Novice: 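Got a structure for you, questions after.
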Amino acid sequence: MLRASTSRQPLREAWTEECLFRECSIVLGFAIETSTSAAYDSHLNSYITFCQLHHRPIDPTPDTLSYYVIWLAHHIEPRSVDNYLSGIANRLKMLFPDVRNARRSPLVSQTLQGCKRRLSKPVKQKLPLGVDDLARIAERIVQQREPDYDNKLFQAMLLTRFRSLQHLGESTWSDSHKLQSYKKVALRHTFSSNTESFRYCLPYQKNDSLSTGSQIIVFVDPNHLIDPVSHVMRYLAAHNSLFLHHPALWVTSTGVVPMCAWFLRCLHDLGGTEFSGHLLRVGGTTALAACGMALELI
């Protein structure tokens, strides 16, 4: 028989059913990051489209999922089909509790493996930026008599991302308006510097479940041409003259947070179309390894 504890509990008000339902809905919305949720919705729409085209029930049985895998693998890279199955399982688990078992069934797993072997294409990857590429971009900007505000911003962001190994989405806004959020924007008041380094707070990351943010610390580089500290300070001088009271750290000449498309356009104009913004992290990692830094610290 369960007996009540003798400890006294603080007095708390009872919530209404509507209040409990509302709060539950809100916290469930925080369970998955916005961009991941949008991707899962797209994956579910793809599955529903398949079922409608082939007059099959929505119930995600192993047979239906295996047919879906074969169909989808003929339209996209089979290595990406696994992500689609994860999104479908996430969105249908409330209606079909056995969807994860069906997704992990031998029939679906072997079907996906067969599609990868039969239909996959070689991986094509753009070149990562190296230190020499950064110097070449800097020289092109120097050739301009007086680099404009956006060039100063781009060079400051480029060198900061390269040295701190940030993803593209951690320093820019998404091109999709519904995925833009100020909770991901680095703020000007968190920035501080000295002669050896600068730091600021990256307020949100996709894998930051506690939403505590991360401290980004970047140190001076002996090569003045690609020294992130001097270039960031030069950008901030221009930032303070134009947008002294703007809360964001990175701001374009139009007064908005730079978007992914803006950064890539600047990168391709100054560095060439053979580079990708996502590979700055790869280039920065390679540079650290070449300098002798221990792999477990990178």
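None of the values given here were measured: they were computed from a predicted structure. Along the sequence shown, the residues carry numbers beginning at 1.
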Novice: Answer yes or no: is there a side-chain heavy-atom contact under 4.5 Å between His43 and Arg91?
Specialist: no

Novice: Check step by step if side-chain contact (heavy atoms from CB on, under 4.5 Å) holds for Leu112 and Val108.
Specialist: CA-CA 6 Å; Leu112 181 57; Val108 176; 5.5 Å; no

Novice: Are the side chains of Leu44 and Leu92 in touch, meaning some heavy atoms are under 4.5 Å apart?
Specialist: yes

Novice: Do Glu77 and Ser120 have side chains that approach each other closer than 4.5 Å (heavy atoms only, starting at C-beta)?
Specialist: yes

Novice: Measure the shortest side-chain to side-chain distance between Leu168 and Arg161 over non-hydrogen atoms and say whether it is less than 4.5 angstrom.
Specialist: yes

Novice: Kindly say whether Ser181 contributes a backbone atom to a donor-acceptor pair with the side chain of Trp173 at under 3.5 angstrom?
Specialist: yes

Novice: Answer whether the closest heavy-atom distance between the side chains of Cys115 and Val81 falls below 4.5 Å.
Specialist: no

Novice: Verify side-chain hydrogen bond (donor to acceptor under 3.5 Å, both in side chains) between Thr254 and Thr252, making sure each step is shown before the conclusion.
Specialist: CA-CA 5 Å; Thr254 58; Thr252 67; 2.9 Å; yes

Novice: Look at the aromatic rings of Tyr235 and His239 and report parallel, tilted or perpendicular, splitting at 30° and 60°.
Specialist: perpendicular

Novice: Look only at the side chain of Asp175 and the backbone of Ala261, and say whether a donor-acceptor pair between them is shorter than 3.5 Å.
Specialist: yes

Novice: For Ser193 and Arg199, what are the C-alpha separation, side-chain angles and deciding distance, and is it a side-chain contact (heavy atoms from CB on, under 4.5 Å)?
Specialist: CA-CA 6 Å; Ser193 65; Arg199 67 172 62 203; over 6 Å; no

Novice: State whether the side chain of Ser105 and the backbone N or O of Ala102 hold a donor-acceptor pair below 3.5 Å, judged by distance alone.
Specialist: yes

Novice: Do Met233 and Leu244 sit in the same hydrophobic cluster, where Ile, Leu, Val, Met, Phe, Trp and Tyr count as joined when their side-chain heavy atoms come under 4.5 Å apart?
Specialist: no

Novice: Could you please spell out the steps behind the side-chain contact (heavy atoms from CB on, under 4.5 Å) verdict for Leu153 and Val251?
Specialist: CA-CA 8 Å; Leu153 167 63; Val251 185; 5.9 Å; no

Novice: Look at the side-chain heavy atoms of Ile, Leu, Val, Met, Phe, Trp and Tyr, link any pair under 4.5 Å apart, and say whether Trp250 and Leu242 land in one connected group.
Specialist: yes

Novice: Is there side-chain contact between Ile70 and Arg118, with heavy atoms separated by less than 4.5 Å?
Specialist: no

Novice: Got a sec, which hydrophobics cluster with Trp15, joining ILVMFWY side chains under 4.5 Å apart, including via others?
Specialist: Leu20

Novice: Is there side-chain contact between Arg188 and Leu236, with heavy atoms separated by less than 4.5 Å?
Specialist: yes

Novice: Not counting sequence neighbours, which residues clear side chain to side chain contact (heavy atoms under 4.5 Å, CB included) with Ser25? List them please.
Specialist: Phe21

Novice: How far apart are the C-alpha atoms of Thr64 and Tyr47, what are their side-chain angles, what is the distance that settles it, and do they pass the side-chain hydrogen bond (donor to acceptor under 3.5 Å, both in side chains) test?
Specialist: CA-CA 10 Å; Thr64 300; Tyr47 175 71; 5.0 Å; no

Novice: Do Asp221 and Pro228 make a side-chain contact, defined as non-hydrogen atoms from C-beta onward lying under 4.5 Å apart?
Specialist: yes

Novice: What's the spacing between Ile216 CD1 and Gln166 CD if we round to 0.5 Å?
Specialist: 4.5 Å

Novice: Remaining members of Ile217's ILVMFWY cluster at a side-chain heavy-atom cut-off under 4.5 Å?
Specialist: Phe219

Novice: Could you tell me whether Asp98 and Arg104 have a side-chain N and a carboxylate O separated by less than 4.0 Å?
Specialist: no

Novice: Look up atom CZ in Arg103 and atom CD1 in Ile88, then write down how far apart they are to the nearest 0.5 Å.
Specialist: 9.0 Å

Novice: Would you sort out whether Arg163 and Ile226 count as a side-chain contact (heavy atoms from CB on, under 4.5 Å), showing the intermediate values?
Specialist: CA-CA 10 Å; Arg163 294 303 182 186; Ile226 56 173; 4.0 Å; yes

Novice: Establish whether Leu179 and Val185 are linked, either directly or via other cluster members, by ILVMFWY side-chain heavy-atom contacts under 4.5 Å.
Specialist: no

Novice: Is there a donor-acceptor pair closer than 3.5 Å between any side-chain N or O of Ser86 and the backbone N or O of Asp82?
Specialist: yes

Novice: Is the Phe154 ring parallel, tilted or perpendicular to the Phe263 ring (thresholds 30°, 60°)?
Specialist: tilted

Novice: Treating His54 as the side-chain partner and Arg56 as the backbone partner, does any N or O pair qualify as donor plus acceptor under 3.5 Å?
Specialist: no

Novice: Which ILVMFWY residues can you reach from Leu119 by hopping between side chains whose heavy atoms are under 4.5 Å apart?
Specialist: none

Novice: Should Phe191 and Phe198 be marked as a ring-ring contact (aromatic ring centres under 6.0 Å, His included) after you check the CA-CA gap, both sets of side-chain angles, and the distance that decides it?
Specialist: CA-CA 7 Å; Phe191 180 91; Phe198 68 83; 5.5 Å; yes

Novice: Among Asp133, Leu158, Ile137, find the one that has a side-chain contact (heavy atoms from CB on, under 4.5 Å) with Leu270.
Specialist: Ile137

Novice: Who are the side-chain hydrogen bond (donor to acceptor under 3.5 Å, both in side chains) partners of Ser80, not counting sequence neighbours?
Specialist: none

Novice: Hey, quick one: are Val232 and Phe162 part of the same hydrophobic cluster, counting side-chain heavy atoms closer than 4.5 Å, chains of contacts allowed?
Specialist: yes

Novice: Side-chain heavy atoms under 4.5 Å apart, restricted to Ile/Leu/Val/Met/Phe/Trp/Tyr: what other residues fall into the cluster of Ile32, or is it alone?
Specialist: Tyr40

